Amino acid sequence: MKTTPLYFRPCGQAADRVSETLPTGVAAVWGAALFDGLMGSPEAPERGPRLRPCGHGEWIDLICASTRYLAPLWTCCRRFWPPSAPADGAFEADVVRPFGELLGYHLVLHQGQWPSDTEAEAVIHDLVTAFFNRYPVGSSAPA
């Protein structure tokens, strides 16, 4: 069985569900998944180089700016996280990375402008809801 060090792990452990703030070890994984999606997808591998001319300076500037969406993502998902949901990286692969892809499309299509908080939160809600609809309803973390 593969084990992941506590300082770098996918979300979903029992301790995660009760944390009001995004656990640091999860934030690292989510930041990487978000940036991976932001930089491209199999359908748009050329997107990464197109982001730089959008006025985001160095890659680290783009990474730092994109992390503003991690807290709303955490706030939304912890309300829905049922005990039966996996802690195996599926959330990162099915929600966080695709959200990064959508951010990348938005940046390219809107000349480097980030989506409004309202737009981003609506997309986050839709992705999180679709993900957790795949798991049986059970008790979830308090909102």
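Only a predicted model underlies this, so the values are computations on that prediction, with no experimental measurement involved.
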Exercise for the section: Using the six-membered ring wherever Trp is involved, compare the ring planes of Phe35 and Trp59 and label them parallel, tilted or perpendicular (cut-offs 30° and 60°). Expected result: perpendicular
Fill in the blank from the handout: Tightest non-hydrogen contact, residues Trp74 and Cys11, listed as CZ3-SG, 3.4 Å
Exercise for the section: Report the C-alpha separation of Ile63 and Leu38 in whole Å, then their side-chain angles, then the decisive distance to 0.1 Å, and conclude whether the side chain to side chain contact (heavy atoms under 4.5 Å, CB included) test is met. Expected result: CA-CA 9 Å; Ile63 291 168; Leu38 187 65; over 6 Å; no
Exercise for the section: Taking the side chain as every heavy atom from C-beta outward, state whether Glu20 and Thr75 have any pair of such atoms under 4.5 Å apart. Expected result: no
Practice task
Hey, could you give me the OG/CZ distance between Ser19 and Arg78, rounded to the nearest 0.5 Å?
Solution key: 7.0 Å
Fill in the blank from the handout: Minimal heavy-atom distance between Pro98 and Glu92, with the atoms involved, is CD-O, 4.2 Å
Practice task
In sequence, state the C-alpha distance, the side-chain angles, and the governing distance for Tyr69 and Glu121, and then conclude on side chain to side chain contact (heavy atoms under 4.5 Å, CB included).
Solution key: CA-CA 8 Å; Tyr69 298 104; Glu121 289 172 11; over 6 Å; no
Exercise for the section: Measure the CG-CZ distance between Leu127 and Arg97 for me, rounded to the nearest 0.5 Å. Expected result: 13.0 Å
Fill in the blank from the handout: One should read off an interatomic distance between Glu101 CD and Leu34 CG, to the nearest 0.5 angstrom, of 10.5 Å
Fill in the blank from the handout: One should read off an interatomic distance between Arg134 CZ and Thr129 OG1, to the nearest 0.5 angstrom, of 12.0 Å
Handout entry: Closest heavy-atom pair and its distance - Pro115, Leu103
Key = CG-CD2, 3.6 Å
Practice task
Taking all non-hydrogen atoms of both residues into account, name the closest pair between Leu22 and Ala27 and its distance.
Solution key: CD2-CB, 3.6 Å
Completion exercise
Scanning both residues in full, the closest heavy-atom pair of Arg68 with Asp117 reads NH2-OD1, 2.6 Å
Exercise for the section: Considering non-hydrogen atoms only, spot the tightest contact between Cys77 and Val128 and give its length. Expected result: CA-CG1, 3.8 Å
Completion exercise
Rounded to the nearest 0.5 Å, the CZ atom of Phe91 sits from the CZ atom of Phe132 at a distance of 5.0 Å
Completion exercise
The reported gap from NE2 in His106 to OG in Ser116 (rounded to nearest 0.5 angstrom) is 7.0 Å
